[in-house]
There are 2 protein chains.
Amino acid sequence: MFYKSVEPYIEKKSEIEFKRNQIIYHEGDEPKNLYFIVSGLVGLFHISESGKETFFRVFGKDDILGHRSYFAEEPYHASSIALTPVVLAVISKEECKRICEVNPDLIREVIRNISQDLGQAELRLAGLFDKTAHKRISESLVYLKLKHPNYVWTRKEIAEYAGTTFETVARVMTQLEKQNLIKKEGRDFSIINHEQLLSLDEDYYS
Amino acid sequence: MFYKSVEPYIEKKSEIEFKRNQIIYHEGDEPKNLYFIVSGLVGLFHISESGKETFFRVFGKDDILGHRSYFAEEPYHASSIALTPVVLAVISKEECKRICEVNPDLIREVIRNISQDLGQAELRLAGLFDKTAHKRISESLVYLKLKHPNYVWTRKEIAEYAGTTFETVARVMTQLEKQNLIKKEGRDFSIINHEQLLSLDEDYYS
DNA sequence: CGATAGATTGAGAGTTTTCAACCGATGTGG
DNA sequence: CCACATCGGTTGAAAACTCTCAATCTATCG
């Protein structure tokens with residue numbers, strides 16, 4: 001959505017390609033560019049001291065990337081990794097500054113987007129404290145699958161999004177399949193009943 | 001910090017007062033105003049279905065309030081509550097829009113602020129998944145106490161910030177006092193050794 | 001000084017993690 | 001095109017951390 005509204009204003013455009021699992025930028029680095037996704041899927045991950053990974057956000061076609069650190073004027077707090085082969089449009093900080101000045105819409109868009117992400121992050125925070133792993137996993141399955149139906153999410157990615165371990169994800173998915181709420185298909189899965197999956201009471205044990 | 005840079009541009013100014021524990025706005029409400037804190041302390045809390053509360057953010061003098069929802073164009077995702085007696089300057093959405101147009105600095109300030117908060121929220125998310133309650137509590141003690149040294153934080157508030165229960169906070173604080181890292185003073189406490197408190201190994205059990 | 005909100009401490013329960021072993025899918029080189 | 005290597009997934013059992021519930025204590029304030 002972003003890229004389309006900014007593209008006309010770009011003067012110096014360049015594109016880069018990344019293979020699956022390649023790192024686009026590292027946690028701790030100073031942001032030098034803004035990126036827009038031309039094609040592919042990108043995940044934003046944080047790795048803690050103990051080595052545990054957390055999956056913060058997913059980005060898809062036309063999404064902007066690296067904007068939080070750029071506008072926060074901070075180093076990256078997490079690393080962006082290509083989940084599929086990815087093509088990015090790169091825009092330098094200087095160019096971005098210029099575009100923001102001639103086209104205030106970009107900044108309006110970005111501030112709305114970041115504000116929404118902040119709300120979402122805080123509600124996830126509350127959920128991590130409040131909800132069982134079972135519920136968080138159900139919600140993550142719906143969120144991730146709806147957002148990118150064609151990508152095959154690994155148990156590990158789901159776990160890192162939901163804030164749990166891949167073993168727990170596997171267990172919960174087995175249980176959800178027995179309840180006919182999802183269907184495992186190889187390593188992929190599909191959702192049979194969205195509403196029930198989200199309104200889960202989970203006092204069901206087979 | 002915000003209020004000072006915006007004040008000169010305000011045409012219609014009005015102030016409201018709140019007593020301790022009064023609710024400034026409710027989760028779910030549609031934002032109609034922006035608020036600036038003239039004096040006092042405000043907490044942003046979310047209450048989940050099960051009744052568990054989470055403490056998202058603190059606001060103090062000159063901070064802006066209600067901005068996330070305003071810029072996200074969403075209803076409030078949490079409630080703002082006066083932690084002390086509070087005086088707020090109220091600015092209508094219309095006025096805010098006008099100010100943003102004549103004074104682009106406000107929006108630059110806000111986007112930086114929200115971006116930093118998003119980073120912080122996501123790192124808390126990662127910490128909730130990764131760190132022990134003990135460590136999260138130590139960090140919360142430092143954060144809250146440094147930010148507002150004169151406010152007497154309750155165990156409940158600390159717990160809701162750290163993502164744990166007040167009983168666990170009480171236990172950890174007792175332990176930290178035995179290690180001479182903090183000192184309990186009535187219901188208040190002071191920090192004796194910041195660095196050690198943050199670099200805690202916690203394999204220490206007395 | 002009594003009332004009340006907040007704090008402490010103990011013991012037991014429960015979810016989730018951890019560690020470990022094993023299984024199955026997928027993809028590649030011979 | 002098969003065989004094997006590898007990555008991802010499943011399942012079990014035990015351990016661990018934190019929560020919950022409950023009883024008791026203590027600041028603080030009218």
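Numbered from 1 within each chain, the chains take letters A, B, ... in sequence-line order. Since the model is a prediction, treat every value here as computed from it, not as a measurement.
Checking side-chain atoms of A:Arg155 against main-chain N and O of A:Arg187 turns up a donor-acceptor pair under 3.5 Å.
A sub-4.0 Å separation between OP1 or OP2 of D:dC17 and a side-chain N or O of B:Lys135 is absent.
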Problem - Trace of the side chain to side chain contact (heavy atoms under 4.5 Å, CB included) decision for B:His134 with B:Gln175 - result: CA-CA 10 Å; B:His134 190 111; B:Gln175 197 187 325; 3.4 Å; yes
Report all side-chain donor-acceptor pairs from residues 158-165 of chain B shorter than 3.5 Å, counting only partners two or more places apart or in another chain.
from: B:Glu160; atom 1: OE2; to: B:Lys156; atom 2: NZ; distance (Å): 3.3
from: B:Thr165; atom 1: OG1; to: B:Thr168; atom 2: N; distance (Å): 3.4
from: B:Thr165; atom 1: OG1; to: B:Thr168; atom 2: OG1; distance (Å): 3.0

Expected list for residues 28-46 of chain A: side-chain donor-acceptor pairs under 3.5 angstrom, two or more places apart:
from: A:His46; atom 1: ND1; to: A:Glu27; atom 2: OE2; distance (Å): 3.3
from: A:His46; atom 1: ND1; to: A:His77; atom 2: O; distance (Å): 3.2

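For the residue pair A:Lys131/B:Ser50, the side-chain donor-acceptor check at 3.5 Å is not satisfied. Side-chain contact annotation: A:Ser80 with A:Tyr25, donor-acceptor N/O pair under 3.5 Å present. In this model, no donor atom of one side chain and acceptor atom of the other lie less than 3.5 Å apart for B:Asp130 and A:Thr54.
When rounded to the nearest whole Å, the span between CZ of B:Arg155 and P of D:dC19 equals 16 Å. Put simply, CH2 on A:Trp153 is 16 Å from C1' on D:dG8, counting in whole angstrom units. Separating the CG atom of B:Leu176 from the P atom of C:dT9 is a distance of 13 Å, rounded to the nearest angstrom. When rounded to the nearest whole Å, the span between NZ of B:Lys184 and C1' of C:dA7 equals 8 Å. Atom CD of B:Gln175 and atom P of C:dG10 are 13 Å apart (whole Å). Rounded to whole angstrom, the span from the CZ atom of B:Phe189 across to the C1' atom of C:dA7 amounts to 14 Å. Taking atom NZ on A:Lys52 and atom C1' on D:dC17, their separation rounds to 12 Å, with Å as the unit. If you measure from atom CZ of A:Phe129 to atom C1' of D:dC19, you get 10 Å, rounded to the nearest angstrom.
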Give me, pair by pair, the N or O atoms of the protein and of nucleotides 25-30 of chain D that are less than 3.5 Å apart, along with how far apart they are.
from: D:dA27; atom 1: N3; to: B:Arg187; atom 2: NH2; distance (Å): 3.1

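Scanning both residues, B:Tyr143 and B:Val58, for their nearest heavy atoms gives CE2-CG2, 4.4 Å.
At a non-hydrogen distance threshold of 4.0 Å, B:Phe166, B:Glu167, B:Ala170, B:Arg171 from residues 156-173 of chain B come into contact with DNA chain C.
Other residues, nucleotides and ligands place no more than 12 heavy atoms under 6.0 Å from the CD atom of B:Glu49.
Within the 4.0 angstrom heavy-atom criterion, no nucleotide atom of any strand lies near A:Lys131.
Axis deviation across the helix from C:dC1-D:dG30 to C:dG30-D:dC1 amounts to 40°, comparing end segments of five pairs, rounded to 10 degrees.
Among residue pairs with one or both ends in residues 162-200 of chain B, none qualify as ring pair (Phe, Tyr, Trp, His ring centres under 6.0 Å); sequence neighbours excluded.
Using a cutoff of 4.0 Å between basic side-chain nitrogens and carboxylate oxygens, B:Arg68 and B:Glu74 are scored as salt-bridged.
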